[in-house]
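Right, one structure below, let's go through it.
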Amino acid sequence: MRVLFVGDVFATPGLRAARAFLARERDAYDFVIVNGENAAGGFGLTRKHYRVLRDAGADVVTLGNHAFDQKETAELIEETPRLLRPLNYPPGTPGLGAGTYDVPGHGRICVAQVMGRVFMEPLDDPFRALDALLERLPDDVPLVVDVHAEATSEKKVLGWHLAGRAAAAIGTHTHVPTADATVMHGTAYVTDVGMTGVQGSAIGMAFDEVHARFRDFRKRRFKPAEGTATVHAVAIELDGVRARSVRRVVWRHGDDEPVRIHADDRTGGCDDGR
Ligand SMILES: [Fe+2]
């Protein structure tokens with residue numbers, strides 16, 4: 001099974017780039033996951049943005065710490081199992097943190113999202129939430145986890161926690177792609193897939209207001225950066241419930257061809273004797 005994971009789609013330039021990218025690449029994949037938690041100008045996603053991503057070819061859209069920034073999300077997420085928020089929100093939170101989906105000709109796939117707790121809200125334990133999910137997951141269903149976290153160390157350790165148990169652990173949230181894509185004991189891993197948005201920006205926002213805020217600590221309304229967005233994604237090839245390979249895919253909106261970067265085992269891996 002060929003799975004594409006598209007990194008955090010940020011505001012209108014990111015949405016446009018994601019749509020154009022999927023129009024040309026969607027057919028090369030059996031299942032597509034898109035992180036859409038920054039689609040609404042950086043803060044969550046509305047019904048309209050969800051529709052754009054689904055119509056573009058996303059099978060599942062994931063959220064994150066901005067999951068409920070838009071009022072309508074709590075209602076929308078109850079209507080569809082294809083919009084996921086972090087699994088480790090407390091009991092009673094609207095929507096699902098994991099779902100299992102049919103993939104025509106390839107069986108089923110489970111997608112989940114967890115949120116880290118370092119420099120983020122103190123949600124329930126993401127390790128325990130994943131263990132509980134794995135316990136009830138049928139043996140023949142691959143699991144792809146969106147690891148939405150701030151600290152590189154926490155993401156890396158969540159990846160190692162899933163190594164040999166999940167098909168993929170793909171980092172999101174920090175918006176800057178990392179060069180450590182690898183396969184750890186059959187689990188595709190990257191610390192951060194990177195943002196789908198304007199790269200010359202304060203992780204999606206225009207520099208000016210963020211720059212001023214860092215200098216005088218006064219609150220300001222941030223504006224999404226304008227310009228040409230770049231898509232950051234990873235392409236994962238599954239063999240049953242484990243990953244055979246992972247590649248980073250980078251496409252600047254309008255380019256002839258995406259750049260496809262194969263995993264480099266010198267920068268990642270899991271040399272722990274397991
Ligand atoms: Fe986030």
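These values consider heavy atoms only, across backbone and side chains, with no hydrogens, waters or symmetry-generated copies. Keep in mind the model is a prediction, meaning the values are calculated, not measured. Remember, it's 1-based here, ligands and their atoms both numbered in the order they're listed.
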Check: In terms of ring plane angle, is the pair Trp251 and His253 parallel, tilted or perpendicular, where the classes change at 30° and 60°?
Finding: tilted
Item checked: ring pair (Phe, Tyr, Trp, His ring centres under 6.0 Å) partners of residues 125-147, not counting sequence neighbours, each pair once -> Phe127-His161
Check: Does Phe68 have its ring centroid less than 6.0 Å away from the ring centroid of Tyr89?
Finding: yes
Margin query: At a cut-off of 2.8 Å, what protein N/O/S atoms sit near the Fe ion (ligand 1)?
Written below: Glu37 OE2, Asn65 OD1, His148 NE2, His173 ND1
Notebook entry, point to check: Does a donor on one side chain sit under 3.5 Å from an acceptor on the other, for His148 and Glu37?
Noted result: yes
Next item on the list: Look at Asp180 together with Lys156 and state whether they make a salt bridge at an N to O cut-off of under 4.0 Å.
Entry: yes
Check: So, do Arg221 and Glu209 sit near enough that their side-chain heavy atoms are less than 4.5 Å apart?
Finding: no
